[in-house]
There are 2 protein chains.
Amino acid sequence: MVNESKSFREICQENGIAVTHQRQVLYEVMKSMHGHPSPEEVYARVKKKVPAISLATVYKNIHLFVESGVFRKMSMHHGSVRVEMNDEPHHHMVCSKCSAITDIGEKELGLVPKRNRLADGFLVERYSVDVIGVCAKCQMAST
Amino acid sequence: MVNESKSFREICQENGIAVTHQRQVLYEVMKSMHGHPSPEEVYARVKKKVPAISLATVYKNIHLFVESGVFRKMSMHHGSVRVEMNDEPHHHMVCSKCSAITDIGEKELGLVPKRNRLADGFLVERYSVDVIGVCAKCQMAST
DNA sequence: CTTCTTGCAAACCCTTTGCATCCTG
DNA sequence: CAGGATGCAAAGGGTTTGCAAGAAG
């Protein structure tokens, strides 16, 4: 707990942003979530601890965190901004029926790309793979 | 031209939708576009040929086309619905600076996944790869 | 003729912004 | 204290919907 507060303070100092109560709770709540929560979902959770917080503040700080590299924005298939909560290198399985998105570990997926320069001099940072298909639940449903 | 009209009629018949003037022009305009046009961009073009058309009609028909499998919706990094105009198997290079999206041929990318069932019984239909990085233009700009 | 489609405007959802107030550094 | 952060409400994009009038089959 002391550690977590400390590292959050450090993160803020590194990025030149103030350590506010809202910010800290937001950070901790997000860290504790899994998957790809929407701003509304994050807001709902944070509100339990800081009832007076506003959605706007949640949005502003999610952007701030993303810009600072604290969290990563994921390639959205959802209709809203999503943040990546999974620290492990992974990709996504997207259900074409119900749009559910599930993580799949990089190793488990088993790709073998890795070039760092492509056509037109595009400089590669990373690969993000979406496996489009049908999830188990929807396969059941259509049987 | 006769051919194109004919194939559009067939498409409509196969999907049980009426062949309207708007629909036909929309289809032809979309077929003639490249990249990942937004509904507004499509609307602007169609409007030149059918001035009275409404944005709502464009939206309704884009959805219809996507549902019928005439066009494919692409995994959006843009903030709006985009449709895939490239018939060749390909993936996308997404610039992390300017968000520009460029197609890259499947062969050129050279990935080799291809399994058809993954964790949790997920049934694979296809892979969609986003190569995240910096485009040539933005590399220049930051020099 | 009946049903599907269009166009228009209002409604909606998600997100951003302006501004006065409040808090951190 | 000064500048940044918050909360609120209003504004903004993109997209959808309800409905009357108009085409398609």
Side-chain angles (χ1 to χ4, degrees), chain A residues 5-6 8-27 29-30 36-44 46-68 70-71 73-83 99, chain B residues 5-6 8-27 29-30 36-44 46-68 70-71 73-83 99:
Chain A
S5 309
K6 183 146 174 290
F8 181 64
R9 283 208 111 74
E10 288 173 350
I11 289 168
C12 288
Q13 287 172 345
E14 285 169 16
N15 292 287
I17 62 180
V19 180
T20 67
H21 181 220
Q22 288 84 331
R23 215 106 91 180
Q24 181 140 1
V25 172
L26 182 60
Y27 175 81
V29 164
M30 288 178 75
H36 323 108
S38 67
E40 288 281 354
E41 285 162 353
V42 174
Y43 174 58
V46 174
K47 210 165 188 189
K48 289 181 186 164
K49 301 189 176 182
V50 188
I53 200 170
S54 78
L55 226 202
T57 299
V58 171
Y59 270 100
K60 286 170 190 164
N61 285 308
I62 287 180
H63 286 319
L64 202 65
F65 288 158
V66 169
E67 282 159 23
S68 306
V70 180
F71 293 107
K73 189 166 57 178
M74 64 169 282
S75 11
M76 33 162 92
H77 281 268
H78 309 268
S80 59
V81 170
R82 300 302 173 114
V83 175
S99 297
Chain B
S5 310
K6 184 148 174 289
F8 181 66
R9 284 208 111 74
E10 288 174 351
I11 290 169
C12 289
Q13 287 173 345
E14 285 169 16
N15 293 287
I17 62 180
V19 180
T20 67
H21 181 221
Q22 289 85 331
R23 215 107 91 178
Q24 181 142 359
V25 173
L26 182 60
Y27 175 79
V29 164
M30 288 178 76
H36 323 107
S38 66
E40 288 280 356
E41 284 163 353
V42 174
Y43 174 58
V46 175
K47 209 162 188 191
K48 289 180 187 165
K49 301 189 176 183
V50 187
I53 201 171
S54 78
L55 226 202
T57 300
V58 171
Y59 271 100
K60 285 169 189 164
N61 285 308
I62 287 179
H63 287 320
L64 201 65
F65 288 157
V66 169
E67 282 158 22
S68 306
V70 180
F71 292 108
K73 189 165 56 178
M74 64 170 284
S75 12
M76 35 162 92
H77 281 267
H78 308 268
S80 59
V81 170
R82 299 301 173 114
V83 175
S99 298

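Since the model is a prediction, treat every value here as computed from it, not as a measurement. Letters A, B, ... are given to chains in the order of the sequence lines, protein chains preceding strands, and every chain is numbered from 1.
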Completion exercise
When rounded to whole Å, the NZ to P distance for the pair A:K47 and D:dT6 reads 16 Å
Practice task
Please report, rounded to the nearest Å, how far the P atom of D:dT15 is from the CD atom of B:E41.
Solution key: 11 Å
Problem - Whole angstrom value for the distance that separates P of D:dG7 from CG of A:L26 - result: 11 Å
Could you list all N or O pairs between the protein and nucleotides 7-13 of chain C that sit under 3.5 Å apart?
from, atom 1, to, atom 2, distance (Å)
C:dG7, OP1, B:Q22, NE2, 3.2
C:dG7, OP1, B:A52, O, 3.4
C:dG7, OP2, B:S54, N, 3.3
C:dG7, OP2, B:T57, OG1, 3.0
C:dG7, O6, B:K60, NZ, 2.9

Fill in the blank from the handout: Between CD of B:Q24 and P of D:dG25 the distance, given in whole Å, is 11 Å
Handout entry: First encountered from the 5' end of DNA chain D, between B:I17 and A:R23
Key = A:R23
Fill in the blank from the handout: Sorted by position of nearest nucleotide on DNA chain D, 5' first, the leading residue of A:H21 and B:L55 is A:H21
Problem - Rounded distance in Å - OH (B:Y43) to C1' (D:dT15) - result: 14 Å
Practice task
Could you state the atom-to-atom distance from OH of A:Y59 to P of D:dG12 in whole Å?
Solution key: 18 Å
Completion exercise
Rounded to whole Å, CG of A:N61 lies from P of C:dT24 at a distance of 14 Å
Exercise for the section: Provide, to the nearest angstrom, the distance between the CG atom belonging to A:N15 and the C1' atom belonging to C:dT24. Expected result: 17 Å
Exercise for the section: Would you please classify the geometry between the B:F71 ring and the B:Y27 ring as parallel, tilted or perpendicular, with 30° and 60° separating the classes? Expected result: tilted
Problem - Side chain B:R23, main chain B:A18, donor-acceptor under 3.5 Å - result: yes
